[in-house]
Colleague: 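Quick one: the structure is below, questions incoming.
Everything quoted here is computed from the prediction, not taken from an experiment. First the proteins, then the strands, lettered A, B, ... as listed; each starts at 1.
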Amino acid sequence: MRVRREKMAAFEAQGIEPFARKYDVTIHADEVLAKFEALEGQTVRIAGRIMAVRGHGKTSFVHLMDMSGKVQAYFRQDVVGEVEYEKFKLLDIGDIIGIEGVVFKTQRGEISLKTTSFEILAKSLRPLPEKWHGLKDVETRYRQRYLDLIVNPDVRNTFVTRSKIIKSLRSILDKRDYLEVETPMMHPIAGGAAARPFITHHNALDMDLFLRIAPELYLKRLIVGGFERVYEVGRVFRNEGISVRHNPEFTIVELYQAYSDYQDLMCLTEDIVSGIALEVLGTTQITYQGQEINLAPPWNRMTMTEAVKKYTDVDFDAITTIEEARSIADTLGVRYEKKNGIGGILNNIFEDKVEEHLIQPTFIIGHPTEISPLAKRNKDNPEITDRFEVFIFARELANGFSELNDPIDQEGRFASQVEQRESGDDEAHMMDHDYVNALEYGLPPTGGLGIGIDRLVMLLTDSPSIRDVLLFPHMRHKE
RNA sequence: GACUCACUAGCUCAACUGGCAGAGCAACUGACUCUUAAUCAGUAGGUUCGGGGUUCGAUUCCCCGGUGUGUCACCA
């Protein structure tokens with residue numbers, strides 16, 4: 001670093017700013033390579049970071065990397081001149097420079113630029129990680145993502161793909177006449193999911209606010225307001241553990257469609273996920289962590305009790321008392337709590353015994369009402385709801401249901417959530433009178449859906465950890 | 001939060017049972033006008049994550065702490 005500062009000073013001594021103001025770029029690296037025949041012999045201007053230098057006395061080669069890729073530049077003392085060539089020798093790997101040069105092909109056949117002039121645009125005062133092995137230390141990769149992006153091209157690709165996935169999602173929904181909206185991130189009442197919230201404080205109003213755990217209740221207010229199709233892509237915050245598939249803030253898309261039910265939204269979910277895969281990857285047949293996964297619709301559909309029966313041989317539809325449910329859970333070695341009813345125990349068994357088997361895309365439907373306080377009850381069985389969850393590679397990817405639009409039922413469900421909350425369940429819903437009030441004006445029959453974007457990106461980029469698809473994953477603060 | 005494994009030069013990694021802390025890349029000096037992990041000769045670079053203990057002697061063994069990986073718990 002000391003040497004690099006001296007080199008910086010050497011530029012300054014010649015009246016050259018080592019941190020420039022502007023460079024007029026006419027081309028990017030990938031275009032030079034792609035359009036070589038048309039460009040050969042022409043002068044172009046390119047800017048980027050020096051990634052490698054190979055000096056041969058009075059001639060040198062460098063690899064210049066820009067947003068699009070790398071291209072080689074060739075420096076000759078007899079072309080740029082003796083004075084300029086001395087300046088060139090002050091450059092380091094990592095420096096950002098602008099080059100004007102003529103497109104040509106070397107004797108070894110590499111498309112390159114014969115530099116006629118160059119400018120230093122930003123001196124790099126710290127050395128880059130090693131060129132061959134790259135940066136492997138995961139902690140440094142996450143804490144200093146910019147270094148990871150400079151030296152590990154795969155990482156860059158992952159985030160380019162992430163951006164394409166979200167663009168594709170928006171275009172699919174926009175084509176279907178969905179309105180993209182933005183709702184508050186700071187909520188007086190944290191609702192729409194079962195999760196512990198982050199708490200913050202508004203000074204002027206002297207009130208605590210919660211970072212949203214889901215946009216659900218606001219989006220449904222908009223359906224009440226007459227927007228028939230809305231969606232929001234945004235961050236939600238849950239004050240819970242961190243793991244390979246959990247980050248305290250993560251990105252979700254939630255959408256609501258009036259006059260539809262959960263069956264319609266299951267088809268929509270298939271269309272969205274397979275449509276994105278087709279547009280971004282060109283196929284619905286993907287490989288995730290060595291496992292072939294077929295995203296082409298239709299996906300498997302199973303009720304939760306069918307799934308439990310398939311993998312445990314227990315028929316929960318035949319169970320009528322909490323004692324029976326508990327005894328089955330005991331036999332299977334599945335834990336439960338006092339607050340769990342039959343539905344809660346069924347769900348625990350599902351999570352413990354079934355989820356791990358759901359590798360190919362699978363809709364699980366008919367969740368117990370007990371664990372679905374915002375979903376509409378099934379017409380034939382009020383103990384279950386018209387709800388679905390999507391599992392792929394044993395992970396929940398999406399959740400949707402026919403929305404509960406009966407304000408009286410909703411108020412009752414909130415009341416029982418509040419009871420659970422008072423008996424110590426801090427993930428149970430709070431009473432939201434304002435939301436019930438909105439329902440009292442009339443929520444049309446509506447289907448809703450939420451998809452975890454980070455998990456979708458993991459799947460489509462074959463990333464083993466959610467941290468690999470978040471530019472700056474949550475880390476402990478380090479001095 | 002519990003357990004587990006890891007932390008050595010800017011980066012990637014060595015160092016046997018506790019015995020002088022090393023290599024490659026990067027850097028520096030020199031040679032070299034078509035190289036591409038350029039090559040050749042040389043030079044420099046360390047609080048071995050921090051603190052304590054055991055020992056004649058600790059990168060190595062023990063304890064406490066930090067950060068991270070993984071698994072579990074909570075959850076999506």
Side-chain angles (χ1 to χ4, degrees), chain A residues 1-4 6-7 50-64 70-80 85 89 92-94 104-112 114 124-144 147-148 150-152 192-197 213-214 236-254 335 337 347-348 351-352 355 371 389-392 394-399 425-427 450-456 458 464-467 473-479:
Chain A
M1 274 195 60
R2 203 193 69 245
V3 178
R4 287 187 177 220
E6 286 167 10
K7 289 177 177 176
I50 298 175
M51 296 304 290
V53 180
R54 294 178 290 280
H56 298 266
K58 295 187 180 65
T59 183
S60 296
F61 296 88
V62 309
H63 266 133
L64 198 70
K70 284 184 196 175
V71 68
Q72 182 174 259
Y74 181 41
F75 288 77
R76 289 175 64 103
Q77 192 192 58
D78 59 8
V79 174
V80 298
Y85 199 76
K89 288 207 257 181
D92 288 302
I93 291 173
F104 80 113
K105 201 178 263 188
T106 64
Q107 288 172 12
R108 292 289 181 87
E110 178 160 346
I111 295 165
S112 306
K114 187 173 289 180
S124 174
L125 295 176
R126 293 178 184 271
L128 288 182
E130 203 223 0
K131 61 182 174 187
W132 191 239
H133 297 92
L135 179 64
K136 288 189 173 170
D137 181 78
V138 289
E139 188 175 349
T140 312
R141 285 186 46 219
Y142 297 150
R143 287 189 194 276
Q144 295 176 268
L147 289 180
D148 196 25
I150 290 169
V151 298
N152 296 328
R196 279 195 290 262
I213 56 176
V236 296
F237 308 85
R238 299 191 185 174
N239 204 340
E240 275 150 8
I242 296 171
S243 82
V244 184
R245 18 178 211 292
H246 300 92
N247 196 64
E249 52 178 305
F250 64 101
T251 302
I252 198 171
V253 58
E254 279 199 15
R335 289 196 296 174
E337 290 169 58
N347 188 54
N348 285 1
E351 286 178 359
D352 274 19
E355 265 186 31
I371 58 159
E389 285 183 304
V390 176
F391 290 86
I392 303 180
R395 285 177 196 155
E396 185 187 341
L397 181 77
N399 179 21
D425 181 359
D426 51 6
E427 282 165 11
I451 303 175
I453 297 297
D454 310 287
R455 289 186 179 177
L456 180 61
M458 286 168 71
S465 169
I466 197 169
R467 297 180 188 99
H474 186 263
M475 303 287 263
R476 264 200 174 77
H477 184 257
K478 201 178 181 184
E479 300 205 359

Colleague: Out of rU67(B), rC34(B), rC74(B), which nucleotide sits closest to the side chain of Lys114(A)?
Modeller: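 Of the options given, the side chain of Lys114(A) lies nearest rC34(B).
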Colleague: Could you check which of rC34(B), rA76(B), rU35(B) has an atom nearest any side-chain atom of Ala194(A)?
Modeller: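 The answer is rA76(B), which lies nearest to the side chain.
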Colleague: Taking 4.0 Å as the cut-off, does a side-chain nitrogen or oxygen of Arg467(A) come that near to OP1 or OP2 on rG70(B)?
Modeller: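 Result: yes.
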Colleague: Look at Arg108(A) and rU36(B) and indicate whether a side-chain polar atom (N or O) is within less than 4.0 Å of OP1 or OP2.
Modeller: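 For Arg108(A), the contact criterion (side-chain N or O under 4.0 Å from OP1 or OP2 of rU36(B)) is met.
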Colleague: Just do the salt bridge (charged side-chain N to carboxylate O under 4.0 Å, His left out) check on Lys7(A) and Asp92(A) with the steps written out, would you?
Modeller: CA-CA 9 Å; Lys7(A) 289 177 177 176; Asp92(A) 288 302; 2.5 Å; yes
Colleague: For rG24(B), give the paired nucleotide (Watson-Crick: N1-N3 plus N6-O4 or O6-N4; G-U: N1-O2 and O6-N3; both under 3.5 Å), or none.
Modeller: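 The answer is rC11(B), by the H-bond criterion.
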Colleague: Pick the nucleotide of RNA chain B nearest each of Asp137(A) and His63(A); which residue has the one closer to the 5' end?
Modeller: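 Between the two, 5'-proximity favours Asp137(A).
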Colleague: When rounded to the nearest Å, what value does the distance between P atoms of rG18(B) and rG1(B) take?
Modeller: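 Comparing P positions in rG18(B) and rG1(B) gives a spacing of 34 Å.
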Colleague: Applying a 4.0 Å non-hydrogen cut-off, can you work out what Asp425(A) is touching in the nucleic acid: base, sugar-phosphate, or nothing?
Modeller: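 Since no nucleic acid heavy atom lies under 4.0 Å of Asp425(A), the category is nothing.
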Colleague: Which whole-number value in Å describes the distance from Tyr142(A) OH to rU67(B) C1'?
Modeller: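 It is 14 Å, rounded to the nearest whole Å.
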Colleague: For atom C1', what is the distance between rU17(B) and rU55(B), given to the nearest Å?
Modeller: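 That atom pair is separated by 15 Å.
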Colleague: Leu147(A) has an atom CG; how far is it from atom P of rA26(B), in whole Å?
Modeller: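 From Leu147(A) CG to rA26(B) P: 17 Å.
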Colleague: Rounded to the nearest angstrom, tell me the gap between atom CD1 in Ile50(A) and atom C1' in rC25(B).
Modeller: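 So the two atoms are 18 Å apart, to the nearest Å.
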Colleague: On a whole-Å scale, what distance lies between the P atoms belonging to rC25(B) and rC40(B)?
Modeller: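 These two P atoms come out 9 Å apart once rounded.
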Colleague: What integer number of Å spans the P atoms of rA26(B) and rU39(B)?
Modeller: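 The same atom, P, in both gives a distance of 8 Å.
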Colleague: What's the gap between rG24(B) and rG65(B) when it is taken at their P atoms, as a whole Å value?
Modeller: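 It comes out at 40 Å once rounded to the nearest Å.
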Colleague: Counting only N and O atoms by type, is there a donor-acceptor contact under 3.5 Å from the side chain of Asp137(A) to the main-chain atoms of Thr140(A)?
Modeller: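 The answer is yes, because a donor-acceptor pair under 3.5 Å joins these two groups.
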Colleague: Expressed in whole Å, how much space separates the P atoms belonging to rC11(B) and rG46(B)?
Modeller: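 So the two P atoms sit 14 Å from each other.
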Colleague: Can you tell me the base-pairing partner of rG19(B)? Count Watson-Crick or G-U wobble geometry only, both distances below 3.5 Å, and say none if there is no partner.
Modeller: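 Partner of rG19(B): rC56(B).
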Colleague: Just name whichever nucleotide pairs with rG68(B), Watson-Crick or G-U, keeping both distances under 3.5 Å, else none.
Modeller: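 The base-pairing partner of rG68(B), which may sit in any strand shown, is rC5(B).
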Colleague: Taking Phe75(A)'s backbone N and O only, do any of them form a donor-acceptor pair with Thr59(A)'s side chain (distance below 3.5 Å, no angle check)?
Modeller: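 Yes; at least one donor-acceptor contact below 3.5 Å.
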Colleague: Looking only at atom P, what distance separates rA38(B) and rA27(B), rounded to whole Å?
Modeller: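 Roughly 10 Å separates the two P atoms.
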Colleague: Scan every strand shown for a Watson-Crick or G-U wobble partner of rA31(B), both distances under 3.5 Å, and answer none if you come up empty.
Modeller: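 Partner of rA31(B): rU39(B).
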Colleague: For Arg455(A), which contact category applies under a 4.0 Å heavy-atom criterion: base, sugar-phosphate, or nothing?
Modeller: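 Base, at least one base atom sits under 4.0 Å.
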Colleague: Scan Arg245(A) against the nucleic acid and name what it touches under 4.0 Å (heavy atoms): base, sugar-phosphate only, or nothing.
Modeller: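 Touches a base.
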Colleague: How is Gly450(A) classified with respect to the nucleic acid when contacts are heavy atoms under 4.0 Å: base, sugar-phosphate, or nothing?
Modeller: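 Nothing, no heavy atom under 4.0 Å.
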Colleague: Report the C-alpha separation of Ser60(A) and Tyr85(A) in whole Å, then their side-chain angles, then the decisive distance to 0.1 Å, and conclude whether the side chain to side chain donor-acceptor pair (under 3.5 Å) test is met.
Modeller: CA-CA 10 Å; Ser60(A) 296; Tyr85(A) 199 76; 2.8 Å; yes
Colleague: How many Å lie between CD on Glu130(A) and P on rA9(B), as a whole number?
Modeller: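 Between P of rA9(B) and CD of Glu130(A): 14 Å.
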Colleague: Could you walk me through whether Asp148(A) and Gln144(A) pass the side chain to side chain donor-acceptor pair (under 3.5 Å) check?
Modeller: CA-CA 7 Å; Asp148(A) 196 25; Gln144(A) 295 176 268; over 6 Å; no
Colleague: Would you say rA38(B) has OP1 or OP2 under 4.0 Å from some side-chain N or O of Arg54(A)?
Modeller: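 Yes, Arg54(A) has a side-chain N/O under 4.0 Å of OP1/OP2 on rA38(B).
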Colleague: Within the 4.5 Å heavy-atom criterion, are Pro248(A) and Phe237(A) side-chain neighbours or not?
Modeller: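 Counting from C-beta outward, Pro248(A) and Phe237(A) never come under 4.5 Å.
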Colleague: It should be established whether Arg4(A) places a side-chain nitrogen or oxygen under 4.0 Å from OP1 or OP2 of nucleotide rG10(B).
Modeller: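 Negative; the distance criterion is not met.
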Colleague: What is the nucleic acid contact for Ile93(A), judged by heavy atoms within less than 4.0 Å: base, sugar-phosphate only, or nothing?
Modeller: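 Sugar-phosphate contact only - Ile93(A) comes under 4.0 Å of backbone atoms but never of a base.
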Colleague: Distance check needed: rC28(B) C1' versus Glu6(A) CD, whole Å only.
Modeller: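 Those two atoms, CD and C1', are 10 Å apart.
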Colleague: Using a cut-off of 4.0 Å on non-hydrogen atoms, how would the nucleic acid contact of Asn399(A) be classed: base, sugar-phosphate, or nothing?
Modeller: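 The residue Asn399(A) makes no contact with any strand.
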Colleague: Have a look at Gly241(A) and say if it touches a base, only the backbone sugar-phosphate, or nothing, with a 4.0 Å heavy-atom cut-off.
Modeller: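 Gly241(A): base contact, heavy atoms under 4.0 Å.
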Colleague: Contact class for Gln72(A) vs. all strands (heavy atom < 4.0 Å): base, sugar-phosphate, or nothing?
Modeller: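 It contacts base atoms.
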Colleague: Asp92(A) near the nucleic acid: base, sugar-phosphate alone, or nothing, with a heavy-atom cut-off under 4.0 Å?
Modeller: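 Touches sugar-phosphate only.
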Colleague: Side chain of Arg238(A), heavy atoms from C-beta onward: which of rA76(B), rG68(B), rC34(B) has the nearest atom to it?
Modeller: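 Selected nucleotide (nearest to the side chain): rA76(B).
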Colleague: Measuring to OP1 and OP2 of rG68(B), would you say a side-chain N or O of Arg476(A) lies under 4.0 angstrom away?
Modeller: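 So the side-chain polar atoms of Arg476(A) do come within 4.0 Å of the phosphate oxygens OP1 or OP2 of rG68(B), strictly under.
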Colleague: What nucleotide, of rA76(B), rU12(B), rU69(B), holds the atom closest to the side chain of Leu135(A)?
Modeller: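 The nucleotide sitting nearest to the side chain is rU12(B).
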Colleague: Decide, applying a 5.5 Å centre-distance limit and a 30° plane-angle limit (both strict), whether Phe250(A) stacks on rA76(B).
Modeller: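 It does: the ring sits over the base of rA76(B).
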Colleague: If you measure from the C1' atom in rU69(B) to the same atom in rU4(B), how many Å do you get, rounded?
Modeller: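 My reading of the C1' atoms in rU69(B) and rU4(B) gives 10 Å.
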Colleague: Over how many whole Å does the gap from Tyr74(A) atom OH to rU36(B) atom C1' extend?
Modeller: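 My rounded result for the distance is 13 Å.
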Colleague: Identify whether any heavy atom of Val244(A) sits under 4.0 Å from a base atom; if not, whether one sits that close to sugar-phosphate; answer base, sugar-phosphate or nothing.
Modeller: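 Touches sugar-phosphate only.
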Colleague: Which residue lies toward the 5' end of RNA chain B, Met475(A) or Thr59(A), if each is placed at its nearest nucleotide?
Modeller: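 Nearest nucleotide further toward 5': that of Thr59(A).
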Colleague: Picking from rC74(B), rU36(B), rG70(B), which would you name as closest to the side chain of Glu240(A)?
Modeller: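 That would be rC74(B).
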Colleague: In terms of relative ring orientation, are His56(A) and Phe61(A) parallel, tilted or perpendicular, with 30° and 60° separating the classes?
Modeller: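 Correct class here is perpendicular.
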Colleague: Starting from P on rC34(B), measure out to CG on Asp78(A) and report it in whole angstrom.
Modeller: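 Checked: the CG to P distance equals 11 Å.
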Colleague: With both distances under 3.5 Å as the test, what is the Watson-Crick or G-U wobble partner of rG46(B)?
Modeller: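 Per the H-bond distance test, none.
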Colleague: Which is true for Glu110(A) with a 4.0 Å heavy-atom rule: it touches a base, it touches only sugar-phosphate, or it touches nothing?
Modeller: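 If one applies the 4.0 Å heavy-atom cut-off, Glu110(A) turns out to touch a base.
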Colleague: Is Lys114(A) positioned over the aromatic face of Tyr74(A), cation under 6.0 angstrom from the ring centre and no more than 45 degrees off axis?
Modeller: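 No, cation not above the ring by the 6.0 Å, 45° rule.
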Colleague: Please determine whether side chain to side chain donor-acceptor pair (under 3.5 Å) holds for the pair Arg54(A) and Gln72(A), giving the CA-CA distance in whole Å, both sets of side-chain angles, and the decisive distance to 0.1 Å.
Modeller: CA-CA 11 Å; Arg54(A) 294 178 290 280; Gln72(A) 182 174 259; 2.7 Å; yes
Colleague: Choose from rU33(B), rA76(B), rU12(B) the nucleotide whose nearest atom is closest to any side-chain atom of Glu396(A).
Modeller: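 Taking heavy atoms from C-beta onward, the closest nucleotide is rA76(B).
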Colleague: OP1 or OP2 of rC11(B) versus the side-chain N and O atoms of Lys131(A): is any pair under 4.0 Å?
Modeller: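 For rC11(B), OP1/OP2 do not have a side-chain N/O of Lys131(A) under 4.0 Å.
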